[in-house]
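Heads up, the thing below is written out as structure tokens.
Naming: A, B, ... by sequence-line order, numbering from 1 per chain.
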Protein chains: 2
Amino acid sequence: MPGSAASPPDHHDHAACVSGAMARIEHLCTQKGMRLTPLRRRVMEALAQSHVPLGAYELVDRLGAAGERPPPMSVYRVLDFLVTEGLAHRIESRNAFLACGHAHDKDEVVVFLICEQCGDTREVRSHAVGRDLSWAARAEGFEPRQRVLEIAGRCARCRE
Amino acid sequence: MPGSAASPPDHHDHAACVSGAMARIEHLCTQKGMRLTPLRRRVMEALAQSHVPLGAYELVDRLGAAGERPPPMSVYRVLDFLVTEGLAHRIESRNAFLACGHAHDKDEVVVFLICEQCGDTREVRSHAVGRDLSWAARAEGFEPRQRVLEIAGRCARCRE
DNA sequence: GCATCTGATGAAACAATGTAGCAATGCCCG
DNA sequence: CGGGCATTGCTACATTGTTTCATCAGATGC
């Protein structure tokens, strides 16, 4: 399933995304007394440079191309760390990961819009969706914990 | 990731689910001139017996235990067929499949409620969620095509 | 009936994704 | 400086999914 992204979107300044993401991870590590190791830094940078979700092995390859190639296991561990700390998201329908540039409220509901043409993936917050989902779940006596909300389609730019 | 289902829910008459599912697939195959082969029948039955999403290889094992063990590739092909025809759903967050007992409207939005304790997975329809999701997507200029809406949590029975 | 054509299955190798277990390393802290 | 702990490296493995080609069964036309 690789290479579904025909044209990675390089239309804006990724440097801003990367520096923002690095500022966030540095701040969070300082604040919570966690270690911002070289590998964590490299993975976070690589993720933040892409608005297309990256698979674990794709990350291994990219890091390998730019320096020493880390073992897959280490990358998975870093990804677990990033996801746990809210610095990245797992995109289930792609088996891939996406950097998250902004903090989320605890029970905030986020929807991912995944372009099937260019791969570009955006987060969208929606109070309305969150409310409706909670309502639908509660109507079934279901206690929601984690939400996977991913919509595949065509992004604005790919529609011209 | 296997065995997350602690206690498969066997609280109601699966025979009804199975016979309903088989009636649906028979009707659909007749209507569209498709072939309801033995393997398709076996996979559909195995799926319909479970309200816990089953992985492809788990299906292979189950079919193997009950008769001749089909090659994984064949099971994947049947699963593709079932999903394409709307007789089953793929649960992305589990890499597994769930029988679908009822027809869906073309643009109907379905949410899956997946119990993390017993694995039981239910479909819930919600017009409100569909409307809000469409609105959120359109606000981004995004044209939605396929939705993956999966909520993990605890089902009513597991909450006592 | 018989050739043929098409869709479905069988089989084996492979690719991609994810984990387990243990050793080694580096960092903090007393 | 030494012990404890988090992190990483490494190897092997488990799971999930695909590619490719051969075979088989059912329909179709003659």
### Message
I want to check one thing: is the phosphate of dT8(D), taken as OP1 and OP2, less than 4.0 Å away from some side-chain N or O of Thr37(A)?
### Response
yes
### Query
In terms of the nearest nucleotide of DNA chain C, which residue is placed more toward the 5' end: Tyr57(A) or Glu68(B)?
Glu68(B)
### Task
Could you tell me whether Arg40(B) contacts a base, only the sugar-phosphate backbone, or nothing, with contacts defined as non-hydrogen atoms closer than 4.0 Å?
sugar-phosphate
### Integer-rounded Å distance: dT17(C) C1' and Glu92(B) CD
14 Å
### Task
Determine, for Phe142(B) and Arg122(A), whether the Lys NZ or Arg CZ falls below 6.0 Å from the six-membered ring centre while staying within 45 degrees of the axis.
no
### Query
Taking CE from Met34(A) and C1' from dC28(C), how many angstroms apart are they, rounded to a whole number?
16 Å
### Side chains of Leu82(A) and Phe97(A) in contact at under 4.5 Å (non-hydrogen atoms)
no
### Query
When the distance from CG of Leu39(A) to P of dC10(D) is rounded to whole Å, what number comes out?
12 Å
#### Entry: Asn95(A) vs dG18(C): side-chain N/O to OP1/OP2 distance below 4.0 Å
yes
### Message
Given dG26(C), dC10(D), dT9(C), identify the nucleotide with an atom nearest to the side chain of Arg35(A).
### Response
dG26(C)
### Message
Nearest 0.5 angstrom please: Cys115(A) SG to Glu140(B) CD, how far?
### Response
13.0 Å
### Query
Rounded to whole angstrom units, what separation is found between the CG atom of Leu82(B) and the P atom of dA8(C)?
12 Å
### Query
Rounding to a whole Å, what distance do you find between Leu36(A):CG and dG26(C):P?
18 Å
#### Entry: Separation of atom CZ in Arg41(A) from atom C1' in dT7(D), rounded to whole Å
16 Å
### Query
CZ of Phe97(B) versus P of dT16(D): gap in Å, rounded?
11 Å
### Query
Is there a side-chain contact (heavy atoms from CB on, under 4.5 Å) between Glu123(B) and His102(B) once you walk through the steps?
CA-CA 10 Å; Glu123(B) 291 184 44; His102(B) 43 280; 3.1 Å; yes
### Message
Determine whether a donor-acceptor pair (one donor, one acceptor, N or O, separation below 3.5 Å) exists between the side chain of Arg69(A) and the base of dG9(D).
### Response
no
### Between dT8(D) (C1') and Phe81(A) (CZ): distance, integer Å
14 Å
### Task
Please work out which of the three classes, parallel, tilted or perpendicular, describes the rings of Tyr57(A) and Tyr76(A), given edges at 30° and 60°.
perpendicular
### Summary
Winner on side-chain proximity to Arg77(A), out of dA8(C), dC22(C), dG26(C), is dC22(C)
### Task
Find which nucleotide of DNA chain D each of Ser74(A) and Tyr76(B) is nearest to by heavy atoms, and output the residue with the more 5' nucleotide.
Ser74(A)
### Message
Considering every strand and a 4.0 Å limit on heavy-atom distances, what is the contact class for Met73(B): base, sugar-phosphate, or nothing?
### Response
base
